[in-house]
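Take a look at the structure below.
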Amino acid sequence: LEERDLASAAADSLDAGLAVIDPAGQVTWSNAAWHEGHRSAGRPGLETLAELSGRARGSAAAVIEAGIRSVIEGDSTRFHLVYSTRAEPRRTIALTATPLRGAARGAVVTRTQLGSAQDGGDLGARAGRSDAAPPLDRLTPRELQILTLMARGLPNREIARELEIEYTTVRGYVQSLIQKFGANSRLECVAMAYRWRMVE
Amino acid sequence: MRKDRVPLGVGDDALDVPSHVCFFHDGEEELRSTQLAFLRPAIDDPRQAVLLFGPSGAAEQLLSFLEADLGRTLSGLVLAYRVVLAEGDEDPDLQLENLVGPLRNLVEAGHELVRVVGRVAWQVPNYPPPADFLWYESRITPLVLELPVAVLCAYDTGRLPGEALAHGGLECHPQILMGGKISPSPSYVPPEQFLSRRLVPMLNESGDSQ
């Protein structure tokens with residue numbers, strides 16, 4: 001096999017969708033998972049709610065185009081989008097764009113199904129990465145409760161007071177959450193929870 | 001003797017009690033003179049207490065400045081737990097405990113006013129990393145609102161980066177002290193909004209959480 005075929009075969013073996021986007025925003029190459037994802041999920045856009053870090057709002061297509069363009073033009077080092085559809089608000093898909101290395105202008109876009117409340121999927125296995133799945137089904141109700149209070153910014157002692165449990169117990173739950181998310185700190189954990197829309 | 005306002009000691013301004021104020025200073029000299037003016041009433045009044053706070057070694061340094069400027073040792077007050085030295089922790093929640101725990105103890109011991117000077121550090125060992133530090137700063141205001149305390153957080157404008165001054169100084173403090181004048185912070189973000197509106201977008205945008 002030529003080097004190009006090897007690369008294509010390797011790309012096709014990945015679960016994550018991969019595509020190369022040219023400066024005009026057109027997909028010039030993509031792997032099997034990308035095609036499969038588009039076929040099963042349909043064209044994202046008409047019923048999609050999207051938000052790009054508060055900088056761009058509107059239809060998903062406009063937001064995605066703005067994000068990818070900002071990567072291609074060097075205004076951003078990366079673009080990450082998580083969206084859900086009105087029909088399936090718990091199903092989320094992540095798009096991440098990173099610039100092509102070398103002199104070529106363009107971006108590599110990865111597309112990953114993050115799972116849903118129904119199918120669960122590979123939850124938590126790759127926590128800590130932008131395209132990882134949220135560990136929703138591995139959280140206990142108490143952990144979810146504590147995560148919600150962490151997302152409100154409350155420190156452990158206030159969480160303990162609110163839930164009427166011991167401070168040290170809260171510390172234990174927070175450590176467990178950080179571990180399940182694969183995060184390095186409580187703030188990373190909260191940031192992931194917001195990104196995955198586990199909290200509002 | 002719980003007071004609603006106390007003289008700042010610098011100029012004619014007074015501080016609300018409780019309060020959490022960002023003190024922008026340029027270098028050590030301004031820090032020392034303002035610290036001395038702010039803390040001297042507590043040194044001379046047994047109903048008041050002092051808490052010095054910062055990364056490892058910072059409280060001791062603030063104490064040495066104070067002793068040199070007063071011209072006498074304060075070891076007796078330290079032993080009597082009326083001047084308390086406390087330090088941070090790389091876990092921001094524990095750092096908050098290290099600050100608020102001694103404050104509560106001092107109030108429970110009967111002190112009617114606790115004056116706090118905290119020295120701000122950014123990206124130093126054994127201290128919370130920037131985003132964690134900002135969360136800690138944003139949580140001080142609601143916690144001190146329950147206590148008779150006046151907190152001055154010292155931000156050295158000549159040493160700290162812009163993001164520390166903007167997000168930590170202006171956005172986490174309801175008031176700022178600059179050039180001897182106290183004024184409302186023009187960029188204050190209430191603590192209940194700071195995490196979701198500032199920190200989470202910053203973390204997700206910067207890729208820190210990758």
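To find a chain, count down the sequence lines: A is the first, B the second, and so on, and within it residues start at 1.
Taken from CZ in A:R157 to CG in B:D93, the straight-line distance is 8.5 Å, to the nearest 0.5 Å.
Residues B:L203 and A:R195 have side chains not in contact (no heavy-atom distance under 4.5 Å, counting atoms from C-beta outward). In this structure, B:D91 and A:R171 have side chains that are in contact, with non-hydrogen atoms separated by less than 4.5 Å.
Here the closest heavy-atom approach between residue B:D132 and residue A:S185 is recorded as OD2-CB, 3.6 Å. Taking all atoms of both residues into account, the shortest heavy-atom contact from A:Y194 to B:S196 is OH-CB, 3.4 Å. Nearest heavy-atom pair, A:L154 versus B:R139, reported as atom, atom and distance to 0.1 Å: CD2-NH2, 3.6 Å. Nearest approach of B:L195 to A:A151, heavy atoms of both residues: CD2-O, 3.2 Å.
With a 6.0 Å radius and a threshold of 12 heavy atoms from other residues, nucleotides or ligands, A:R142 has its CZ atom above the threshold.
Contact of B:E97 with chain A is made through the side chain alone, with heavy-atom distances under 4.5 Å.
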